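The figures that follow rest on heavy atoms only: side chains count, while hydrogens, waters and symmetry mates do not. Note on naming: letters A, B, ... go to the chains in the order of the sequence lines (proteins, then strands), and numbering restarts at 1 for each one. Fair warning: this is a prediction, and the values are worked out from it, not measured in the lab.
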Amino acid sequence: MGRRHQRDTSPVIALADCNNFYVSCERVFQPSLEERPVIVLSNNDGCAVARSNEAKALGISMGAPYFQIRRTCENHGVIVFSSNYELYGDMSRRVTSVMARFAPGIEVYSIDESFLDLRAFADPLARAHEMRRIVRRWTGIPISIGLGQTKTLAKLANRLAKKGSGCVAVDADDHLALAGVEVEDVWGVGRRLGIRLRRVGVKTALDLALAPASTIRSVGGVTLERTHRELGGLRCFELEQSPRPRKNICSSRSFGRPVTTLEDLEEALANYVVTAARRMRGEASLAHGIQVFLTTNRFREDLPQYRNSRSLSFDESTADPMRLVSVAKRLLRAIYRPGYAYKKVGVLLLDLTPACERQMTFFEHSAKAVRRQSLVDAVEEVAAGYGHSGAFLAAQGIQPDWVMRRNRRTPRYTTCWSDLPVAE
DNA sequence: TCTGGGGTCCTAGGACCC
DNA sequence: TCTGGGGTCCTAGGACCC
């Protein structure tokens with residue numbers, strides 16, 4: 001009966017989102033930070049990536065470079081942290097596991113957001129309120145929940161929930177709610193599409209919902225057309241409960257100071273390759289290709305700029321970190337040019353496929369191949385048990401001086417024994 | 001002095017083929 | 001003036017997300 005294309009009559013998809021997540025994590029362990037302006041910085045203490053409401057009220061915007069807002073922070077007593085991803089990752093798992101008790105279906109969308117299927121409940125909004133209360137009590141993290149017939153409407157409702165009571169449901173026919181959301185704040189419409197939409201008179205979510213499909217398609221292609229339909233209550237994005245395997249894995253860092261020599265770049269790159277290979281191993285995947293890139297600091301217009309990348313496909317897929325490191329270094333040497341102050345180097349592992357699907361090759365079980373594999377396994381085992389300093393390749397170096405700045409990190413309260421908070 | 005990192009999808013255009 | 005017409009495959013780049 002074409003049920004797939006029918007509209008749900010009531011808002012049953014929820015988007016639960018942790019408020020100012022990284023800041024909230026820090027506040028759980030330092031309650032004195034409540035009601036004070038707090039921000040968390042990105043790697044290298046570069047940009048503000050999380051802000052408490054009090055910090056937002058001071059005009060500190062998302063992604064603001066720290067050196068530009070430092071004065072404001074000092075003048076207003078803003079508390080500033082480096083990011084502590086071990087803490088945030090662990091808190092995220094706790095929040096997710098509590099939420100999973102409240103819904104038969106959950107899609108973990110990002111470190112601080114999940115979509116939930118509340119179709120089974122007579123009163124989804126009441127269910128959401130209860131979940132919000134329990135997550136707060138069990139984890140200390142405040143969340144906001146938006147409900148809609150589609151993911152896009154749930155996202156939109158979530159924006160409204162952030163301003164108001166914490167739980168809001170928005171129906172596709174609720175013109176008043178849709179009219180209150182700027183078009184570039186709709187999920188899937190960013191700054192660029194926002195500009196193009198405003199040019200054709202589409203200024204709000206309501207304008208977008210009511211515009212003819214042909215207009216929307218000509219501005220933003222099939223992607224925007226899906227968003228358009230979702231605003232009208234027609235579901236185009238389903239809940240994805242089991243994460244799709246990643247297609248690429250990227251590892252890269254900006255340097256704490258400019259790097260000029262090939263040797264330093266190689267050492268950094270070797271570390272990123274090992275990191276990427278480790279993540280790939282965790283997903284039980286193999287790479288069919290690899291790409292290496294490097295770039296100077298694009299903000300330094302006074303300095304000569306250079307960026308380049310090179311990739312290579314393998315004859316057979318691999319996860320061997322030693323092979324990956326040696327190939328990566330070869331690619332780096334091919335694009336390295338002396339005389340530049342480099343800001344960043346990185347690696348992408350491409351075309352990932354599950355290891356179980358790998359085609360066996362003729363040399364698979366040669367004594368050499370088996371020895372090589374057991375060496376890799378041993379190194380990974382030691383690294384897993386004793387931290388990354390327990391075992392590493394010589395190419396990774398020992399005391400690199402290009403490591404990133406992270407001067408204001410809090411203890412890893414929940415994931416490291418020596419950092420456990422002490423109750424006195 | 002100081003400007004994050006890690007993803008996805010789509011499209012346009014070039015190379016190549018018959 | 002006119003310069004064939006499609007296909008496919010690949011890649012780079014643009015747009016978005018958190």
Would you call [X]-[Y] a salt bridge at under 4.0 Å N-O?
{"X": "A:Arg409", "Y": "A:Glu86", "answer": "no"}
{"X": "A:Glu130", "Y": "A:Arg127", "answer": "no"}
{"X": "A:Glu35", "Y": "A:Arg27", "answer": "no"}

Rounded to the Å, how far apart are [X] [atom1] and [N] [atom2]?
{"X": "A:Asn43", "N": "B:dC2", "atom1": "CG", "atom2": "P", "value": "17 Å"}
{"X": "A:Leu348", "N": "B:dG6", "atom1": "CG", "atom2": "P", "value": "9 Å"}
{"X": "A:Tyr85", "N": "B:dG4", "atom1": "OH", "atom2": "C1'", "value": "7 Å"}
{"X": "A:Glu301", "N": "B:dC2", "atom1": "CD", "atom2": "C1'", "value": "15 Å"}
{"X": "A:Asn44", "N": "B:dC2", "atom1": "CG", "atom2": "C1'", "value": "10 Å"}
{"X": "A:Asp45", "N": "B:dT3", "atom1": "CG", "atom2": "C1'", "value": "12 Å"}
{"X": "A:Asn297", "N": "B:dT3", "atom1": "CG", "atom2": "C1'", "value": "7 Å"}
{"X": "A:Leu349", "N": "B:dG6", "atom1": "CG", "atom2": "P", "value": "12 Å"}

Contact under 4.0 Å: [X] side-chain N or O vs [N] OP1/OP2:
{"X": "A:Lys344", "N": "B:dG5", "value": "yes"}
{"X": "A:Arg257", "N": "B:dC2", "value": "no"}
{"X": "A:Arg244", "N": "B:dC9", "value": "yes"}
{"X": "A:Arg300", "N": "B:dT3", "value": "no"}

How is A:Asn248 classified with respect to the nucleic acid when contacts are heavy atoms under 4.0 Å: base, sugar-phosphate, or nothing? sugar-phosphate
Over all strands shown, is A:Tyr66 touching base, sugar-phosphate only, or nothing at heavy-atom distances under 4.0 angstrom? nothing
Identify the two heavy atoms, one from A:Leu153 and one from A:Leu231, that lie closest to each other, and give their separation to 0.1 Å.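 Residues A:Leu153 and A:Leu231, closest heavy atoms: CD2-O, 3.7 Å.
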Which atom of A:Ala154 lies closest to which atom of A:Ala14, heavy atoms considered: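 Closest heavy-atom pair between A:Ala154 and A:Ala14: CB-C, 4.3 Å.
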Using heavy atoms to find the nearest nucleotide of DNA chain B for A:Lys247 and A:Pro65 separately, return the residue whose nucleotide is more 5′.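 So the residue in question is A:Pro65.
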Identify, between A:Gly63 and A:Val222, the residue whose nearest nucleotide on DNA chain B lies closer to the 5' end. A:Gly63
Taking the side chain of [X] as heavy atoms from C-beta outward, which of [options] is closest to it?
{"X": "A:Ser254", "options": "B:dT8, B:dC10, B:dG5", "result": "B:dG5"}
{"X": "A:Cys47", "options": "B:dT8, B:dC10, B:dT3", "result": "B:dT3"}
{"X": "A:Ile249", "options": "B:dG7, B:dG5, B:dC2", "result": "B:dG7"}
{"X": "A:Phe299", "options": "B:dT3, B:dC9, B:dG6", "result": "B:dT3"}
{"X": "A:Ser251", "options": "B:dG4, B:dC2, B:dG6", "result": "B:dG6"}
{"X": "A:Thr223", "options": "B:dC10, B:dG5, B:dG7", "result": "B:dC10"}

Examine distances only and state if a side-chain atom of A:His288 and a backbone atom of A:Thr353 form a donor-acceptor pair shorter than 3.5 Å.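 A pair under 3.5 Å: no.
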Quick one: does A:Glu107's side chain have a donor or acceptor within less than 3.5 Å of a partner on A:Glu240's backbone? yes
Check against side-chain hydrogen bond (donor to acceptor under 3.5 Å, both in side chains), A:Tyr88 and A:Glu26: CA-CA 9 Å; A:Tyr88 310 150; A:Glu26 301 291 351; 2.7 Å; yes
Are any of the side-chain heavy atoms of A:Val345 and A:Phe255 separated by less than 4.5 Å?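 When only atoms from C-beta onward are counted, A:Phe255 and A:Val345 do touch, with a gap below 4.5 Å.
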Could you walk me through whether A:Thr414 and A:Asp90 pass the side-chain hydrogen bond (donor to acceptor under 3.5 Å, both in side chains) check? CA-CA 7 Å; A:Thr414 61; A:Asp90 188 59; 2.7 Å; yes
A:Trp138/A:Phe102 aromatic ring centres below 6.0 Å: no
If I pick the P atom on C:dT3 and the same atom on B:dC17, what distance separates them, to the nearest angstrom? 24 Å
Go ahead and write out DNA chain B as dot-bracket, 5' to 3': ( ) for pairs within the strand, [ ] for ones crossing earlier pairs, | when the partner sits on another strand, dots for unpaired; Watson-Crick or G-U wobble, both distances under 3.5 Å. ....||||||||||||||
Sequence-aligned protein contact record of nucleotides 11-18 of chain C, with B where the base is within under 4.0 Å of a protein heavy atom and S where only the sugar-phosphate is: ----SSSS
